[in-house]
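Before any comments, here is the structure.
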Amino acid sequence: MSQILLTTATQVQSVRSGEWLLVENPFPVPLVVRTAQITRIRVTLKRPDGTSVTAIAAITRPLDAAKREEGYFCLLKNHDEESVPHGTELWLDPADFRGE
């Protein structure tokens with residue numbers, strides 16, 4: 001199985017004293033992530049300029065119950081607004097969940 005596009009970042013916000021970067025675009029979480037019940041995953045950030053980097057991501061539900069139907073959110077560990085420009089794609093490799 002090839003990589004899965006989680007979301008494309010159009011809004012980001014630094015949270016928790018800059019330790020995490022919140023990608024504010026809600027997205028549906030793929031079944032492979034939900035069934036594994038893993039909240040921290042490795043993602044590949046593919047930037048609009050063609051560069052890419054691997055990041056640790058935390059997948060979280062919105063705290064506001066009314067917004068939970070919109071989907072999940074992603075927090076990126078040790079990234080800032082400059083490292084995740086508008087249009088950056090967040091990709092997941094399903095092999096991470098099969099122990100490969």
Side-chain angles (χ1 to χ4, degrees):
M1 182 185 289
S2 60
Q3 289 188 330
I4 299 169
L5 176 64
L6 290 177
T7 189
T8 301
T10 58
Q11 295 180 318
V12 295
Q13 174 186 357
S14 181
V15 295
R16 299 184 186 166
S17 301
E19 181 182 2
W20 293 89
L21 183 69
L22 172 64
V23 178
E24 297 184 44
N25 311 71
F27 59 92
V29 171
L31 181 61
V32 68
V33 176
R34 288 195 317 265
T35 56
Q37 298 182 345
I38 296 173
T39 57
R40 291 202 183 177
I41 58 175
R42 204 172 36 228
V43 295
T44 299
L45 306 178
K46 295 183 181 180
R47 300 180 185 114
D49 66 4
T51 62
S52 63
V53 66
T54 301
I56 299 298
I59 305 300
T60 183
R61 299 282 281 172
L63 294 177
D64 182 352
K67 293 188 175 189
R68 288 192 177 167
E69 287 186 26
E70 294 177 29
Y72 290 72
F73 292 91
C74 182
L75 292 162
L76 299 172
K77 179 87 169 156
N78 298 324
H79 280 273
D80 59 24
E81 288 90 349
E82 283 112 38
S83 67
V84 185
H86 178 90
T88 298
E89 296 175 339
L90 282 69
W91 290 86
L92 165 73
D93 187 345
D96 290 341
F97 299 94
R98 293 194 308 261
E100 297 177 5

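Just so it is clear, the model here is predicted, and its values are computed rather than measured. Values reported hereafter were calculated over all heavy atoms of this structure, with side chains retained and with hydrogens, waters and symmetry mates removed.
Contacts of Glu81 classified as salt bridge (charged side-chain N to carboxylate O under 4.0 Å, His left out), with partners at least two apart in sequence or in another chain: none. Residues passing the side chain to side chain donor-acceptor pair (under 3.5 Å) test with Thr10 are Asn25, sequence neighbours excluded.
Other residues, nucleotides and ligands place no more than 12 heavy atoms under 6.0 Å from the CD atom of Glu69.
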Can Val23 and Val43 be said to form a side chain to side chain contact (heavy atoms under 4.5 Å, CB included), step by step? CA-CA 13 Å; Val23 178; Val43 295; over 6 Å; no
Are His79 and Leu45 close enough, and set up right, to give a side chain to side chain contact (heavy atoms under 4.5 Å, CB included), and what steps lead you there? CA-CA 11 Å; His79 280 273; Leu45 306 178; 3.8 Å; yes
Leu90 vs Cys74, side chain to side chain contact (heavy atoms under 4.5 Å, CB included): CA-CA, chis, key distance, verdict: CA-CA 9 Å; Leu90 282 69; Cys74 182; 3.7 Å; yes
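If you chain together hydrophobic residues whose side chains sit under 4.5 Å apart, Val53 and Leu76 fall into the same group. In the hydrophobic clustering of ILVMFWY residues, with side-chain heavy atoms under 4.5 Å counting as a link, Phe27 and Leu92 come out together.
In this structure, Asn78 and Glu19 have side chains that are in contact, with non-hydrogen atoms separated by less than 4.5 Å. Residues Pro26 and Phe73 form a side-chain contact, since some pair of their non-hydrogen atoms from C-beta on lies under 4.5 Å apart. Counting heavy atoms from C-beta on, the side chains of Leu6 and Ile41 come closer than 4.5 Å.
Closest heavy-atom contact between Val84 and Ala9: CG1-CB, 4.0 Å. In plain terms, the two heavy atoms of Val15 and Leu75 that are nearest each other are CG2-CD2, 3.7 Å. Of all the heavy atoms in Ser14 and Leu21, the pair that sits closest is N-CD1, 3.7 Å.
Every pair passing side-chain hydrogen bond (donor to acceptor under 3.5 Å, both in side chains) that includes a residue from residues 45-55 is listed here, sequence neighbours excluded: Gln3-Lys46, Arg47-Thr51, Asp49-Thr51.
The structure places CH2 of Trp91 at 11.5 Å from OG1 of Thr7, a figure rounded to the nearest 0.5 Å. For the atom pair OG1 (Thr44) and CD (Glu89), the distance works out to 11.0 Å, reported to the nearest 0.5 Å.
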